[in-house]
Each structure stands twice: as structure tokens, then as C-alpha cells.
Chemist: 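Just passing along the structure, written as C-alpha cells.
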Amino acid sequence: MVTLIVATTTDPASINPATALLSMPGWLPGPSLAQDMKSFTNQQVRLLQHNKGIVEEDDLDRRWEEATGEVVDEVIFFSKHTAVSNRPALTVHPTGVPHLREGDVPPQGGRPGWASPPSPRIGPWLRLLKTIAQSHNLVPEFEITLEGTHHGPVTSKPTLFLEIGSTDEYWKRQDAAHVMALLVWQGLGLGGFDAVGNWNRENDKKKVLLGIGGGHYAPRHMDIVVQDGIWVGHLLSGYSLPMEDPSQSKVDGKTDGIGGTWREAIKVAFEATKLSFPGGEILAHLDHKSFKSWQKNAITEFLSQHDIKIGKPKDFS
């Protein structure tokens, strides 16, 4: 079982952390997946570099397995982050576009109706990232935050993105690249560190947060995830829960008349999260203030119909 790390030479916020990671001890040349894809190995870790946009190469986990015979356990991507605010940020997030319909064209890769299994490392690595960033004096200049589930590329193994934002100035920051490299180095247990974020069905704490609603940076979910011992699955921001509001949809609080792909998005995100946390208890955490009453009622009813438990903040502690 190997961990596959993916970087692209076209993005300084991707290749710079990869280069910083490769400067650490133990790396050896690995096999080429294609003519323009070289790799490096270090214990059970494989770092793959390609020359396309980071969301353009689908199924790299499957392709690596077919080319090498090695079983991929998880996939980690280095990437840049963009934001309207241009605020410097270091972010962690799961991938998928579960709210898109067949025939829709995903704006940033992926496949309509798909979500990767979210890496169990997302919550623990967010907290570790904050610790490392603080020790390297990047906080408070850089915000350390989750992002909602979004974009591709398509993978089938537990996946996370590590991103540096939000403008060219920050994408090229070598101190930010070094912090991201240290996160992976320590988090994967290289260099003698204890690995961080390995899920075990025997864990004492088995509750997993499935975020539903709120803004892209998941502020209400972040309030919980910053606490030690919290596991994180998919995070569906409001834009990933399209809900149409025909007048009949409000009758008796029934959900049947409410159009949109919000049901499909929740189902896909829940099932993908279950895959990543065998034996875990998946609890939906709603950002209540982000919903209108008819939306909250519909979602609550839908979760109940599908035996998806709802967790309040105190339920995760």
C-alpha cells in the first residue's frame, strides 16, 4: 500500500512544496507513469510530477496501480488556491462535484455526481498544519482553513488537496511551500515522525463530521474541527446543495416537491465518507443559520429518511 502525492510543474504552489519535500532525506527516482510524468519514492510514499493542470489528470490512482502493481492507499495533491479576497491562506479540502447533473461540464475537473472518498487525514492535518504554520511565523498572515468539497480530478481512493493561496505572490512563497512540505513529511510519518491521521476502526473517537451548508470556508464546521480528535468527511457548502423553491414544496414540510440536486449531493457525500471511515459514526453537522426554514426542514427530513444522524457541536466532543 502506497501514498501517492501529485504535483504539477505548471503551478508554483504545487511544484514548490513538492521540490521542498524532495529536498528531505530518502528520496530515490521511481518509475515513469507516462513520457511526461516522472516519480520519486521514499519508503511507502510515491511523488508523481506531471505537466498539466492539477485537475486535468483523472484516475492517477488507478493508473499508478496498473503501471506498477502497487496498491494506492490514498492520494494527496499540492495546488494553488484562488479567492476573490486575495487573502493569503493555506487550505485543506476533499474533492468532488456531487451536485452536478450528468451532462453538466465541471468547471474545474471531476465528473458530475462524483465525490472521492475524503481522506481521513483532513481534520488531523488541518490542526497539524496550523501548528507548523504558527511555528514558522506564517500565522496570522496566512489563514489556516478548510474548504468545502469541490473540483477534480477524479480519484477513487481517499483524497485531499493541500493549497497555497491566493495570488501569485503567495503561490511562490518558499516559506509557505516549506510548511506544506513539512506537513506531508511529518503527517505521513517520514523522517521518524509518528504518522498523523490514520483511521482505525478501533479508534476511541469514531464520530465523523459530514458538513452540510454554510460558506466555502465552512466556518461553523471549522469551529468543531479545530478541536483535537475530530474526524472530517465531506463538506457540502451551500452552492453544492442546489434547492429549488416551488410554492408547493413548503406544503406540510414535505421534500418531494423541492427540486435541485441537493438530495443526490448529500447521498453521494455520505456514501463516500462511509468508505473512508469503516466502523465510524457519520454525523451530519448543519450550518443552521445558512438555511431558510423550508430548506432546513427539507434537509432534516431527508436525513431522517435515510437514517443519517444529525450531530450538534457537543456531540463531537
Side-chain angles (χ1 to χ4, degrees), residues 1-9 14-34 36-50 54 57-79 92-95 116-129 131-132 153-163 177-203 208 231-233 272-280:
M1 303 280 270
V2 300
T3 295
L4 186 63
I5 302 169
V6 183
T8 173
T9 59
S14 182
I15 195 60
N16 287 352
T19 301
L21 185 61
L22 290 172
S23 72
M24 298 174 187
W27 292 96
L28 297 169
S32 294
L33 191 59
D36 60 345
M37 289 190 194
K38 59 183 179 180
S39 73
F40 304 87
T41 71
N42 193 336
Q43 300 179 47
Q44 294 305 111
V45 180
R46 308 291 181 259
L47 193 154
L48 181 65
Q49 291 182 3
H50 64 72
I54 197 68
E57 289 283 3
D58 287 334
D59 300 311
L60 286 173
D61 45 359
R62 176 183 57 78
R63 291 158 62 188
W64 183 267
E65 291 181 340
E66 291 175 353
T68 67
E70 295 180 331
V71 176
V72 174
D73 191 42
E74 59 183 331
V75 190
I76 299 165
F77 291 88
F78 287 130
S79 177
V92 186
H93 73 83
T95 57
S116 69
S119 170
R121 299 191 193 275
I122 291 171
W125 278 25
L126 175 79
R127 297 186 290 272
L128 178 59
L129 174 59
T131 298
I132 297 172
V154 174
T155 56
S156 57
K157 300 299 176 73
T159 298
L160 65 79
F161 259 69
L162 301 174
E163 301 190 1
H178 181 64
V179 162
M180 283 304 205
L182 279 176
L183 171 65
V184 173
W185 181 256
Q186 295 183 23
L188 291 179
L190 296 170
F193 290 92
D194 292 329
V196 174
N198 287 326
W199 172 259
N200 185 322
R201 64 170 60 242
E202 306 304 322
N203 281 331
V208 181
W231 300 95
V232 186
T273 300
K274 281 205 309 185
L275 284 176
S276 291
F277 296 93

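All values below come from the heavy atoms of this structure, side chains included, with hydrogens, waters and symmetry mates left out.
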Chemist: In the structure I gave you, are the side-chain heavy atoms of Trp125 and Leu160 within less than 4.5 Å of one another anywhere?
Modeler: yes

Chemist: With sequence neighbours left out, what residues match Trp231 under ring pair (Phe, Tyr, Trp, His ring centres under 6.0 Å)?
Modeler: Trp199

Chemist: Looking only at heavy atoms, what is the nearest atom pair of Pro29 and Thr41, with distance?
Modeler: O-OG1, 4.4 Å

Chemist: Any donor and acceptor pair, going by atom type alone, linking the side chain of Ser276 with main-chain N or O of Pro158 inside 3.5 Å?
Modeler: no

Chemist: Report the residues that fulfil side-chain contact (heavy atoms from CB on, under 4.5 Å) with Asp73, sequence neighbours left out, ordered by chain and then residue number.
Modeler: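 Applying side-chain contact (heavy atoms from CB on, under 4.5 Å) to Asp73 gives Met1.
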
Chemist: Keeping to residues at least two apart or across chains, list the side chain to side chain donor-acceptor pair (under 3.5 Å) pairs with something in residues 185-196.
Modeler: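 Residue pairs passing side chain to side chain donor-acceptor pair (under 3.5 Å), neighbours aside: none found.
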
Chemist: Looking at Pro124 and Val196, what are the two nearest heavy atoms and their distance?
Modeler: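 For Pro124 and Val196, the tightest heavy-atom pair comes out as CB-CG1, 3.6 Å.
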
Chemist: Look at the side chain of Ser39 and the backbone N and O of Pro31, then say whether any donor-acceptor pair between them is shorter than 3.5 Å.
Modeler: yes

Chemist: Find out whether Leu48 and Leu33 are in side-chain contact, i.e. whether some heavy atom of one side chain is under 4.5 Å from a heavy atom of the other.
Modeler: yes

Chemist: Kindly give the heavy-atom pair with the smallest separation between Leu129 and Leu183, and that separation in Å.
Modeler: N-CD1, 3.8 Å

Chemist: Is the closest side-chain heavy-atom distance between Val232 and Phe277 below 4.5 Å?
Modeler: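 Answer no - side chains too far apart.
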
Chemist: Between Thr19 (side chain) and Ile15 (backbone), is there a donor-acceptor pair under 3.5 Å?
Modeler: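 Side chain of Thr19 to backbone of Ile15: a pair is present.
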
Chemist: Tell me every residue that passes side-chain contact (heavy atoms from CB on, under 4.5 Å) with Leu22, counting only those two or more places apart in sequence or in another chain.
Modeler: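 For Leu22, the residues satisfying side-chain contact (heavy atoms from CB on, under 4.5 Å) (neighbours in sequence not counted) are Trp27, Phe40, Leu47, Gln49.
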
Chemist: Donor-acceptor pairs under 3.5 angstrom involving side-chain atoms of residues 63-72: please list them, not counting sequence neighbours.
Modeler:
| unit_1 | atom_1 | unit_2 | atom_2 | d |
| --- | --- | --- | --- | --- |
| Arg63 | NH1 | Glu57 | OE1 | 2.8 |
| Arg63 | NH1 | Asp58 | O | 2.9 |
| Arg63 | NH2 | Glu57 | OE1 | 3.1 |
| Trp64 | NE1 | Thr68 | OG1 | 3.3 |
| Trp64 | NE1 | Glu70 | OE1 | 3.0 |
| Glu65 | OE2 | Val72 | N | 2.9 |
| Glu65 | OE2 | Lys157 | NZ | 2.5 |
| Glu66 | OE1 | Arg62 | NH1 | 3.2 |
| Glu66 | OE2 | Arg62 | NH1 | 3.1 |
| Thr68 | OG1 | Trp64 | O | 2.8 |
| Thr68 | OG1 | Glu70 | N | 3.1 |
| Glu70 | OE1 | Arg46 | NE | 3.0 |
| Glu70 | OE2 | Arg46 | NE | 3.3 |
| Glu70 | OE2 | Arg46 | NH2 | 2.9 |

Chemist: What is the minimum heavy-atom distance between Thr159 and Thr95, and which atoms define it?
Modeler: CG2-OG1, 3.7 Å

Chemist: So, using ring pair (Phe, Tyr, Trp, His ring centres under 6.0 Å) as the criterion, who are the partners of His178 when residues are at least two apart?
Modeler: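 Listed in chain order: His136.
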
Chemist: If every non-hydrogen atom of Asp61 is compared with every non-hydrogen atom of Ser156, which pair is closest and at what distance?
Modeler: OD2-N, 2.7 Å

Chemist: Among all residues two or more places apart in sequence or in another chain, which pass the side-chain contact (heavy atoms from CB on, under 4.5 Å) test with Ala20?
Modeler: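 Listed in chain order: Ala181.
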
Chemist: Can you name the residues that form a side-chain hydrogen bond (donor to acceptor under 3.5 Å, both in side chains) with Thr9, not counting sequence neighbours?
Modeler: Asn51

Chemist: Going by side-chain contact (heavy atoms from CB on, under 4.5 Å), name the residues that satisfy it together with Pro17, two or more places apart in sequence or in a different chain.
Modeler: Phe78, Ile164, Ala177, Met180

Chemist: Hey, does Thr273 have a side-chain heavy atom less than 4.5 Å from the side chain of Val208?
Modeler: yes

Chemist: Starting from the C-alpha separation in whole Å, work towards a yes-or-no answer on side-chain contact (heavy atoms from CB on, under 4.5 Å) for Glu74 and Ser119.
Modeler: CA-CA 7 Å; Glu74 59 183 331; Ser119 170; 4.2 Å; yes

Chemist: For the residue pair Ala272 and Ser116, what are the closest heavy atoms and their distance?
Modeler: CB-O, 3.7 Å

Chemist: Contact between Leu60 and Thr155 at the side-chain level, heavy atoms closer than 4.5 Å - yes or no?
Modeler: no

Chemist: List for me each residue that meets side-chain hydrogen bond (donor to acceptor under 3.5 Å, both in side chains) alongside Asn198, sequence neighbours excluded, and say none if there are none.
Modeler: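 Here the qualifying residues are Arg121.
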
Chemist: Using the side-chain hydrogen bond (donor to acceptor under 3.5 Å, both in side chains) criterion, which residues pair with Asn16? Sequence neighbours excluded.
Modeler: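 Checked Asn16 against side-chain hydrogen bond (donor to acceptor under 3.5 Å, both in side chains); zero matches.
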
Chemist: Distance-only, no hydrogens or angles: does the Asn42 side chain make a donor-acceptor pair with backbone N or O of Pro25 under 3.5 Å?
Modeler: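 Flag set: sc Asn42 to bb Pro25 pair under 3.5 Å.
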
Chemist: Who pairs with Ser79 by side-chain hydrogen bond (donor to acceptor under 3.5 Å, both in side chains), at least two apart in sequence or on another chain?
Modeler: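 Result, side-chain hydrogen bond (donor to acceptor under 3.5 Å, both in side chains) vs Ser79: none returned.
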
Chemist: Heavy-atom distance under 4.5 Å between the side chains of Gln44 and Thr3, does that happen here?
Modeler: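 No, too far: nothing below the 4.5 Å cut-off.
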
Chemist: Any side-chain heavy-atom pair from Leu188 and Ile5 closer than 4.5 angstrom?
Modeler: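 In short, these two side chains touch, coming nearer than 4.5 Å.
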
Chemist: Has Ser14 got a side-chain atom pairing as donor or acceptor with Thr8's backbone, closer than 3.5 angstrom?
Modeler: yes

